[in-house]
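One structure below.
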Amino acid sequence: MPEETAETLREARDALDDGFFPLKLFQDEDLHELEVERIFGQSWVLIGHESEIPESGDYARRYIGDDPFIFVRDESGEINLLFDSCRHRGTQVCRAEQGNTSHFRCPYHGWTYKNNGEAAGIPQKTKAFQELDREEYGLAHVPRLESYEGLVFASLAEDGPSLEEWLGDFKWYLDIQLKLPEGGMEVIGEPHRWVIDANWKTIADNFNGDSYHTAWAHGSVVDLELGGEETVGHAGTGESMDRHIHCDGHTTSIRGFEDEDVFLTYPDEVVDDLFTKDGLSEAQWQVARQALSFTGAIFPNFGFLHFGDTTDDPNKDVAPFFTIRKWRPLGPEQMELWSWGLVPKNAPDSFKERMYKMYTSNFGPTGNFEQDDVPIWKSITEAAGGQFARSQNLQLNYQMGMDWMSEMSLDEEWDGPGFAYTENLEEGGMRLFHEQWYEMLVGNDREDGIGTSMNVEVES
């Protein structure tokens, strides 16, 4: 690492202890290259959901950083992630965004591969490649591929923590989202994807516990009577039970009502017929029962929203929606946002359609919330890229929730893993994200030889 970059990172980490982070680091070419290599090249990154490729031969294009892959279920039913590059001259062999096929054929010279990556056909092999061993020239598999409750993650690193270790005890909170309905969740429709002229860390900040922005950025949702004050109103006000939770390097925010059957405003027929305690502890069931909304983030670029008390029309009843998303960096000032809608697999089709409409109305390229957030993320990136932010070394304020700045306490009776703040007026989740960002960037260069850890401690 260049010494100038290393010094910049050390200064940023020192500033974070006092609740500051340099604006200029939201748009930096050198740091972008380092992030691609050391964060996205080492982390577990969401690829998709198993329900997107339910049948043998189903496939879809996916990406980790700049690298293209084929997300495919082979003839034996196994899920693979194959590097989309012919082993002859490197041409991408997947020619469509999604589909079903038994083989992929290179358009350049016709080399053909089975959907498990094995080389199946090499034109004129007996003359042109007599000694070539097909077994050594299949499509390259991603080093590591694992699933958790239908969510498929991949890592480009040969070694490191397993997905189970990476998620840690945060699985407790994921399970509430994924195991609550009998049969689990499935993706409905295709993932939305669109390019945003903003640095990827701006959305990571947002999903790592920024409840402070909701009433200001999304005030129109309340004004138009599309969402309730308790869901998108001012943080730290109202009568809802609000918790910000930090757990093994990941975060979630919960709003709800104690001792009430809320269940994210799912209709009674879904709750009564589909929701089950199987796979959940009594404590998890109680959190689900009381919850009005969940927002969460898994380091580095996975987010989820499970919301109730919103609608797409003030003349219609409120209904829940559930979305997962990832933000793929395309450069220091650009990212590609991927967003999926999920529904209970065994729910009636009419309710699935209602949930999907709720998801697309609120999030996705034309969603009410999305339209509010995207221009803000873009403007942060624009301000970070100029000379003034660098010459003045402008520091952004992340002090909310630090013990000397805010009246904040921990819920000592919280039954879940990690630790929970009793209010959502705090920015510890964002500080946690930036601490881990730092650790992964410098872990291999530290003089003490200590490598990267996902268990970064945040002040309580």
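At a cut-off of 3.5 Å, with distance as the only test, a side-chain donor of K201 or N199 sits close to an acceptor on the other residue. Side-chain contact annotation: E146 with W44, donor-acceptor N/O pair under 3.5 Å absent. There is a side-chain donor-acceptor pair under 3.5 Å between D205 and H434. Inspection of the D175 and Y148 side chains reveals an N or O donor paired with an N or O acceptor under 3.5 Å. Judged by distance alone, the side chains of D58 and N100 do bring a donor and an acceptor atom under 3.5 Å apart. Side chains of N115 and E75: a donor on one and an acceptor on the other come within 3.5 Å. When only modelled atom types and interatomic distance are considered, N346 and E182 share no side-chain donor-acceptor pair under 3.5 Å. E50 and S147 are linked by a side-chain donor-acceptor pair at a separation below 3.5 angstrom, with hydrogens and angles left out of the test. At a cut-off of 3.5 Å, with distance as the only test, a side-chain donor of N208 or T251 sits close to an acceptor on the other residue. The closest side-chain donor-acceptor pair between W338 and E336 falls under 3.5 angstrom. Side-chain atoms of E118 and H103 include no donor-acceptor pair closer than 3.5 Å. Under the 3.5 Å distance criterion, with hydrogens and angles disregarded, a donor-acceptor pair is assigned to the side chains of R105 and T112.
With hydrogens and angles disregarded, a donor-acceptor distance shorter than 3.5 Å links the side chain of H246 to the backbone of G429. The main-chain N or O of E78 is found under 3.5 Å from a side-chain atom of D74 such that the two form a donor-acceptor pair.
Rounded to the nearest 0.5 angstrom, Y212 OH and N424 CG are separated by 12.0 Å. Taking CG of L178 as the reference point, atom CG of L342 lies at 7.5 Å (rounded to 0.5 Å).
Within the 6.0 Å centre-distance limit, the rings of W200 and F40 are counted as a close aromatic pair.
Using a 4.5 Å heavy-atom cutoff, the side chains of I47 and F69 are not in contact.
With a 6.0 Å cutoff to the six-membered ring centre and a 45° limit on the axis angle, R431 does not count as a cation-pi contact of Y398.
For the salt bridge (Lys or Arg N to Asp or Glu O under 4.0 Å) test, residues two or more places apart in sequence or in another chain that qualify with E164 are K171. In terms of the salt bridge (Lys or Arg N to Asp or Glu O under 4.0 Å) criterion, residue partners of E3 (sequence neighbours excluded) are, by chain and number, R10. Every residue was checked against the side-chain hydrogen bond (donor to acceptor under 3.5 Å, both in side chains) condition with E427, not counting sequence neighbours, and none meets it. The salt bridge (Lys or Arg N to Asp or Glu O under 4.0 Å) search around D30 returns none, not counting sequence neighbours.
Legend: salt bridge (Lys or Arg N to Asp or Glu O under 4.0 Å) pairs involving residues 361-373, not counting sequence neighbours, sorted by first then second residue: R325-E370. Residue pairs satisfying the salt bridge (Lys or Arg N to Asp or Glu O under 4.0 Å) criterion with at least one member in residues 90-102, sequence neighbours excluded, are listed as follows: R61-E97, E97-R193.
Below 30°, between 30° and 60°, or above 60°: for W327 and F207 the angle between ring planes is between 30° and 60°, a tilted geometry.
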